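Since we're looking at a predicted model, the values are computed, not measured.
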Amino acid sequence: MHLRAGVVSDRGLIRPVNEDSFLVRRGLYAVCDGMGGARAGEVASEMACLGLIGLDPASSGKKELRTAVVNTNQAIVSRSLTEDHLLGMGTTLTAVMFKEGSLILAHIGDSRAYLYRAGDLVQLTNDHSWVGEMVRRGELTVEQAAVHPHRSVITRALGVDREIEPDLDEIGIGEGDRVLLCSDGLIGMVPDEQIAMLLAENHSPQEAASALTEAALAAGGEDNVTVVVVDVVPEEGADGDAGEDAEADEGIVVGPTDRGFLSQGQPHRGRKAGAAVRERLGLKTTPVVRPVGAGSNRGLRVAGSTEKTVSRSTGESASVSEVPSVAALPSTDQGPAAPAPSKKRGRRALVTAVAVVVVLAAAIGGFAAYNSSVY
């Protein structure tokens, strides 16, 4: 069986830090979507990908893949409990291992795997999410679930419990098949019909991964987006893992190299889609760089007649506030000037203002702490 792969990972247009991770190795591919706030999400997702590196697709099977996932979950839980700043971190994991004539799938969370075959797109995974469970029980339609306010609440993830059981499946595969792995930053922005169209229109897996990522960004880019596309090709069409993001001398790539705009280092070559969409939307394109340390809570400001401040809370949600620009206007009041306030009244106003600020700070802190603990 001969394979070609392409991969793109983008932090999106709102979140300043990319907490997704991916693994690309000939015959073994994974996408993980971290959660937990600050650096915790990216640590968990990267640990999940690194936990699969010991697998050899040529000799490993379903049993070995399950063992690797279970052991990785225990490692994430242990690290979360021993490092205070990582407490509560977790991650989804969707991984496929290609064997001759089949692929073995391991899945936990709400990242997805699809099979595109002869013009048909089939979802291979079940979302371990609150709305996903409601859809399977017939309480919500797929369309209702796509816009449900609690669609990001997941019911299973690595790092949450010491005992975890991933979904495992084995699926027949053959030449001409295309497999897609993605985080919910794609499926939350792009409907399945458009995903199928873009997979059909783009010949190489790297072109397909870039087109899907660009579509998610053009639709709003509300979350991190990670896309891995793998093609099963005839022997004469197999030239290894294709695309700038999937190149590595050792044949194993764990990424992304870009985590956020507080990073520094050399530009990474695989983020053309995000830059193109940001230019088209009038957003300032930030340099793509290698990470060095924790993510940022600073907002991204967009110039224009209104000022949009995009900020990231410590949890999995992001808030967008829009503040109109107000120019100073000359006074048109021709009446007598108002009397100056007394010192006593000024002190009372100051005390009131301080009290309001304290209450607001406590409320925001409480919400952030709650939000970061809810998956």
Side-chain angles (χ1 to χ4, degrees), residues 1-12 18 20-33 45 49 52 57 94-98 103 105 111-117 119 121-122 124 173-187 189-190 192 194-218 221 224-258 267-277 288:
M1 181 178 294
H2 302 282
L3 306 169
R4 296 182 66 205
V7 57
V8 175
S9 188
D10 194 291
R11 72 171 183 271
N18 190 349
D20 288 356
S21 294
F22 62 80
L23 167 66
V24 172
R25 176 183 183 181
R26 192 183 306 279
L28 179 62
Y29 309 89
V31 166
C32 300
D33 182 355
S45 66
C49 287
L52 302 179
T94 301
V96 290
M97 180 188 296
F98 285 81
L103 67 80
L105 170 67
S111 299
R112 287 184 183 177
Y114 289 90
L115 173 63
Y116 183 74
R117 172 184 290 168
L121 184 69
V122 179
L124 301 179
I173 208 85
E175 288 184 4
D177 288 342
R178 173 169 276 187
V179 176
L180 165 66
L181 306 181
C182 59
S183 62
D184 66 343
L186 173 67
I187 55 182
M189 296 283 101
V190 184
D192 284 3
Q194 187 178 359
I195 291 175
M197 180 186 70
L198 292 171
L199 289 174
E201 291 178 348
N202 292 274
H203 174 68
S204 79
Q206 186 63 37
E207 290 171 348
S210 297
L212 289 166
T213 303
E214 184 169 344
L217 298 176
N224 308 145
V225 187
T226 299
V227 177
V228 174
V229 178
V230 187
D231 287 354
V232 183
V233 298
E235 184 173 359
E236 61 272 15
D239 57 2
D241 289 332
E244 293 177 332
D245 278 353
E247 291 177 353
D249 293 337
E250 68 275 17
I252 301 176
V253 181
V254 177
T257 54
D258 172 39
H268 183 51
R269 299 173 295 166
R271 288 278 303 278
K272 298 175 184 177
V277 172
V288 180

> Which atoms form the tightest heavy-atom contact between Arg4 and Ser204, and what is the distance?
Replying inline: NH2-CB, 4.3 Å
> Do Leu186 and Ile195 pass the side-chain contact (heavy atoms from CB on, under 4.5 Å) test, and can you show the C-alpha distance, the side-chain angles, and the key distance before you say yes or no?
Replying inline: CA-CA 9 Å; Leu186 173 67; Ile195 291 175; 4.1 Å; yes
> Ala215 and Leu198: which non-hydrogen atoms are nearest, and at how many Å?
Replying inline: CB-CD1, 3.7 Å
>> Can you tell me how far apart CD1 (Ile173) and CG (Leu105) are? Round to the nearest 0.5 Å.
In response: 10.5 Å
>> Is there a side-chain contact (heavy atoms from CB on, under 4.5 Å) between Leu212 and Cys182? Walk through the geometry before answering.
In response: CA-CA 10 Å; Leu212 289 166; Cys182 59; over 6 Å; no
> Under 3.5 Å, side chain of Arg178 to main-chain N/O of Leu199, donor-acceptor pair present?
Replying inline: yes
> Please walk me through it: do Asn224 and Ser183 pass side-chain hydrogen bond (donor to acceptor under 3.5 Å, both in side chains)?
Replying inline: CA-CA 8 Å; Asn224 308 145; Ser183 62; over 6 Å; no
>> Walk me through whether Val7 and Val253 qualify under side-chain contact (heavy atoms from CB on, under 4.5 Å).
In response: CA-CA 10 Å; Val7 57; Val253 181; 6.0 Å; no
>> What I'd like to find out is whether the side chain of Val179 reaches to under 4.5 Å of the side chain of Tyr29, using heavy atoms alone.
In response: no
>> Pair Arg112, Asp192 - check side-chain contact (heavy atoms from CB on, under 4.5 Å), show working.
In response: CA-CA 12 Å; Arg112 287 184 183 177; Asp192 284 3; 4.1 Å; yes
> Which atom names give the shortest non-hydrogen contact between Ser21 and Pro256, and what distance separates them?
Replying inline: CA-CD, 4.0 Å
> Between Ala30 and Ala95, which heavy-atom pair has the shortest distance, and what is it?
Replying inline: CB-CB, 3.8 Å
> Do you know the tightest heavy-atom contact between Leu181 and Ala113?
Replying inline: CD2-CB, 3.5 Å
> Got a second to check how far Asn202's CG is from Met197's CE, nearest 0.5 Å?
Replying inline: 9.0 Å
>> I need the Asp10 CG to Asp20 CG distance, nearest 0.5 Å.
In response: 10.0 Å
>> Can you tell whether the side chains of Arg117 and Asp177 come within less than 4.0 Å, N to carboxylate O?
In response: yes
>> If I take atom CG from residue Leu28 and atom CG from residue Leu52, how far apart are they, to the nearest 0.5 angstrom?
In response: 6.0 Å
>> Please find the pair of heavy atoms, one from Gly12 and one from Leu217, that lie closest to each other, and give the distance.
In response: CA-CD2, 3.6 Å
> Looking at side-chain heavy atoms only, is the closest gap between Gln206 and Val8 below 4.5 Å?
Replying inline: yes
> Rounded to the nearest 0.5 Å, how far apart are OG1 of Thr94 and CG of Leu124?
Replying inline: 10.0 Å
> Measuring from Met189:CE to Gln194:CD, what's the distance to the nearest 0.5 Å?
Replying inline: 11.5 Å
